[in-house]
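Some notes on the structure that comes next.
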Amino acid sequence: MADREHLDEVVVRPAVAADADALVEVDSIAAEGDAERRAGIRRWCGQGLASVAEGAAGPLGYCVVEYTFFGHGFVTMLTVAPAARGGGVGRRLLEAAAASCTTPKLFTSTNVSNQPMQRLLGRAGWSPVGLLHGLDEGDPELFYRCGSRAG
């Protein structure tokens, strides 16, 4: 799919309602039948909260920014198709999220167990800002702040 040589061909654009079915297929949890995730994807696309990264073959990943985190932007979801991981798609989605965020601060979080996301956030210039226990038993949530946002 998207390797490092062809990242310049990847386009990130706002997702629309018609993108939902394709994004369900990109998201391994939704593709396996998780009804809640499928409904979330449809809602995010319908509400204009999602961005999609596309290559020549179609969607490679998506990102969702919501404004429910103490009035600040929050990357609620970032998913890259397994075959496209490690090629810069996630970073492009994070850059697009930062560029489109309408608040001075942009945050996200990931589980301590999600080492690939932590590496991505570090490479993309995000800074760890806190740790929360109790959301997922035995797997604390790490919070990050986008380093390219003022405020």
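Closest of all the heavy-atom pairs between Ala97 and Val75 is CB-CG2, 4.2 Å. The minimum heavy-atom distance linking Val89 with Ala84 is given by the pair CG2-O, 4.2 Å. In terms of heavy-atom proximity, Leu131 sits nearest to Pro140 at CD1-CB, 3.5 Å. The minimum heavy-atom distance between Cys101 and Gly73, with the atom names listed, is SG-CA, 4.0 Å. The nearest pair of heavy atoms linking Leu93 to Ser51 is CD2-O, 4.0 Å.
Without hydrogens or angle criteria, Tyr67 side chain to Thr102 main chain gives a donor-acceptor distance under 3.5 Å. Arg145 contributes no side-chain N or O that, together with a main-chain N or O of Val129, makes up a donor-acceptor pair within less than 3.5 Å. No donor-acceptor pair closer than 3.5 Å links the side chain of Ser109 to the backbone N or O of Phe143. Side chain of Asp139 to main chain of Ser113: a donor-acceptor pair is present (N/O by atom type, distance under 3.5 Å, no hydrogens or angles). Under a 3.5 Å cut-off, the side chain of Arg92 and the backbone N or O of Val10 do form a donor-acceptor pair. Here the side chain of Asn114 pairs a donor or acceptor atom with the backbone of Met117 at under 3.5 angstrom. With hydrogens and angles disregarded, no donor-acceptor distance shorter than 3.5 Å links the side chain of Thr76 to the backbone of Val65. Of the possible donor and acceptor atoms, none in the side chain of Glu54 sits under 3.5 Å from a partner among the backbone N and O of Gly61.
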inquiry  = salt bridge (charged side-chain N to carboxylate O under 4.0 Å, His left out) for Arg42 and Asp19? Distances and angles first, verdict last.
reply    = CA-CA 8 Å; Arg42 293 187 199 303; Asp19 292 316; over 6 Å; no
key: Pair Val52-Val12, side chain to side chain contact (heavy atoms under 4.5 Å, CB included): steps then yes or no   = CA-CA 6 Å; Val52 59; Val12 177; over 6 Å; no
Evaluation steps, side chain to side chain contact (heavy atoms under 4.5 Å, CB included), between Cys45 and Val16 = CA-CA 5 Å; Cys45 289; Val16 296; over 6 Å; no
ask   = Can you list the steps and then say if Phe70 with Lys105 is a side chain to side chain contact (heavy atoms under 4.5 Å, CB included)?
value = CA-CA 10 Å; Phe70 301 99; Lys105 296 178 184 176; over 6 Å; no
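Summarising the geometry, atom CG belonging to Leu132 is positioned 10.5 Å from atom CG belonging to Asn111; distances are rounded to the nearest 0.5 Å. Taken from CD in Glu141 to CG in Leu135, the straight-line distance is 5.5 Å, to the nearest 0.5 Å. One distance of note links CG of Leu23 with CD1 of Ile41; it measures 6.5 Å at 0.5 Å rounding. The structure places CZ of Arg37 at 6.0 Å from CH2 of Trp44, a figure rounded to the nearest 0.5 Å. Residue Cys146 holds its SG atom at 8.0 Å from CG of Leu94, rounded to the nearest 0.5 Å. Here Glu95 contributes atom CD and Ser100 contributes atom OG; the two are 12.0 Å apart, rounded to the nearest 0.5 Å.
If you look at Phe107 and Phe74, their ring centroids are not closer than 6.0 Å.
Within the 4.5 Å cutoff, side-chain heavy atoms of Thr108 are placed close to those of Trp126. Between Leu106 and His72, the closest side-chain pair of non-hydrogen atoms is not below 4.5 Å. Using a 4.5 Å cut-off on side-chain heavy atoms (C-beta onward), Tyr144 and Thr110 make contact.
A continuous path of ILVMFWY side-chain contacts below 4.5 Å connects Val80 to Leu120, so both sit in one hydrophobic cluster. Following chains of ILVMFWY side-chain contacts shorter than 4.5 Å, one can reach Met77 starting from Leu49, so the two form part of one hydrophobic cluster.
Atom CD of Glu137 is surrounded by 12 or fewer heavy atoms from other residues, nucleotides or ligands within 6.0 Å.
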